[in-house]
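Shown next, in structure tokens, is the structure this report addresses.
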Amino acid sequence: MPQITAARALTAHIAYRFIRLATFVALGIFAAVLLLCWVLAYFFTAWWWLLVVPFAAVLFVFLIIRFIITLLVRRIHAERLRSDQRAALDSFVGKLERLIEARGTPPIFFVLISIKDLLIHRDITTIKELISDTTSLRRDYQELEKLF
């Protein structure tokens, strides 16, 4: 049963991080639109405030979808996490994010990053960290399962 609980907690934790990021981006875009409309309305005409209406509707739909997704994620893993569980999940998800970023990075950037590491650190620290993250994932996940 700890394997299922750990997998559910990991899924919920990743989902919450994504929801938090999506909400931050959506609210940031809405704030930028509000600022732009305020500037346009101040310098030109008040009719520019009408531009806020479609963005407010989209934000409202986003918040409803966010609420539904949050309810679904709570059904996946409803228990509160202890601080050691949360720290282990944060560490594991951080490694996963670094691997996903590395996978999407073009090879030329790895070459440039390696050259920078050699010039500054006299070692290829970025690639060593990536290899270390990759080799320790299985062990980290097993330790994560033991916490649940």
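The residues of the chain are indexed from 1 along the displayed sequence.
- Between the OG1 atom of Thr134 and the CG atom of Leu99 there is a distance of 4.5 Å, given to the nearest 0.5 Å.
- Within 6.0 Å of the CZ atom in Phe55, the count of heavy atoms belonging to other residues, nucleotides or ligands does not exceed 12.
- Under the 4.5 Å side-chain heavy-atom criterion for ILVMFWY residues, no single connected hydrophobic cluster contains both Val53 and Phe60.
- The distance from the CZ atom of Phe109 to the OG atom of Ser114 is 13.0 Å, given to the nearest 0.5 Å.
- Here the side chains of Leu96 and Leu137 are in contact, with some heavy-atom distance below 4.5 Å.
- In this structure, His13 and Asp90 have side chains that are in contact, with non-hydrogen atoms separated by less than 4.5 Å.
- The CG atom of Leu59 lies 10.0 Å from the CD1 atom of Ile29; values are rounded to the nearest 0.5 Å.
- To the nearest 0.5 Å, atom CD of residue Gln142 and atom CD of residue Glu145 are 7.0 Å apart.
- Applying the salt bridge (Lys or Arg N to Asp or Glu O under 4.0 Å) test to Lys128 and every residue at least two apart in sequence or in another chain returns Asp123.
- One N or O on the side chain of Thr135 and one on the backbone of Ser132 form a donor-acceptor pair closer than 3.5 Å.
- Taking the side chain as every heavy atom from C-beta outward, Ile76 and Leu72 never approach each other to under 4.5 Å.
- Without hydrogens or angle criteria, Asp140 side chain to Phe92 main chain gives no donor-acceptor distance under 3.5 Å.
- The shortest side-chain heavy-atom distance between Leu36 and Leu40 falls under the 4.5 Å cut-off.
- Neither Val58 nor Leu63 shares a network with the other; the hydrophobic side chains, linked directly or stepwise wherever heavy atoms of I, L, V, M, F, W or Y lie under 4.5 Å apart, form separate groups for each.
- Aromatic ring pairs are classed by plane angle as parallel below 30°, tilted from 30° to 60° and perpendicular above 60°; the pair His77 and Phe148 is perpendicular.
- When atom types are taken as modelled, the side chain of Thr70 and the backbone of Arg66 share a donor-acceptor pair closer than 3.5 angstrom.
- The shortest non-hydrogen separation linking Ala41 to Trp49 is CB-NE1, 3.2 Å.
- Here the OG1 atom belonging to Thr5 is positioned 12.5 Å from the CG atom belonging to Leu10, to the nearest 0.5 angstrom.
- Taking OG1 from Thr105 and CD1 from Ile100, the interatomic distance works out to 11.5 Å, rounded to the nearest 0.5 Å.
- Salt-bridge check for Arg17 with Glu97: passed, with a basic side-chain N closer than 4.0 Å to an acidic carboxylate O.
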Inset, instruction - In sequence, state the C-alpha distance, the side-chain angles, and the governing distance for Leu130 and Thr126, and then conclude on side-chain contact (heavy atoms from CB on, under 4.5 Å). - result: CA-CA 6 Å; Leu130 186 62; Thr126 304; 5.8 Å; no
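- Both Val52 and Trp38 are assigned to one and the same hydrophobic cluster, defined by single-linkage of ILVMFWY side chains at heavy-atom distances under 4.5 Å.
- Under the 4.5 Å side-chain heavy-atom criterion for ILVMFWY residues, no single connected hydrophobic cluster contains both Leu81 and Tyr16.
- At least one donor-acceptor pair under 3.5 Å links the side chain of Gln85 to the backbone N or O of Arg82.
- If you chain together hydrophobic residues whose side chains sit under 4.5 Å apart, Val61 and Ile69 fall into the same group.
- You'll find the ring centres of Phe44 and Trp48 outside the 6.0 Å limit.
- Across Phe62 and Ala26, no two heavy atoms sit closer than the pair CE2-CB, 3.7 Å.
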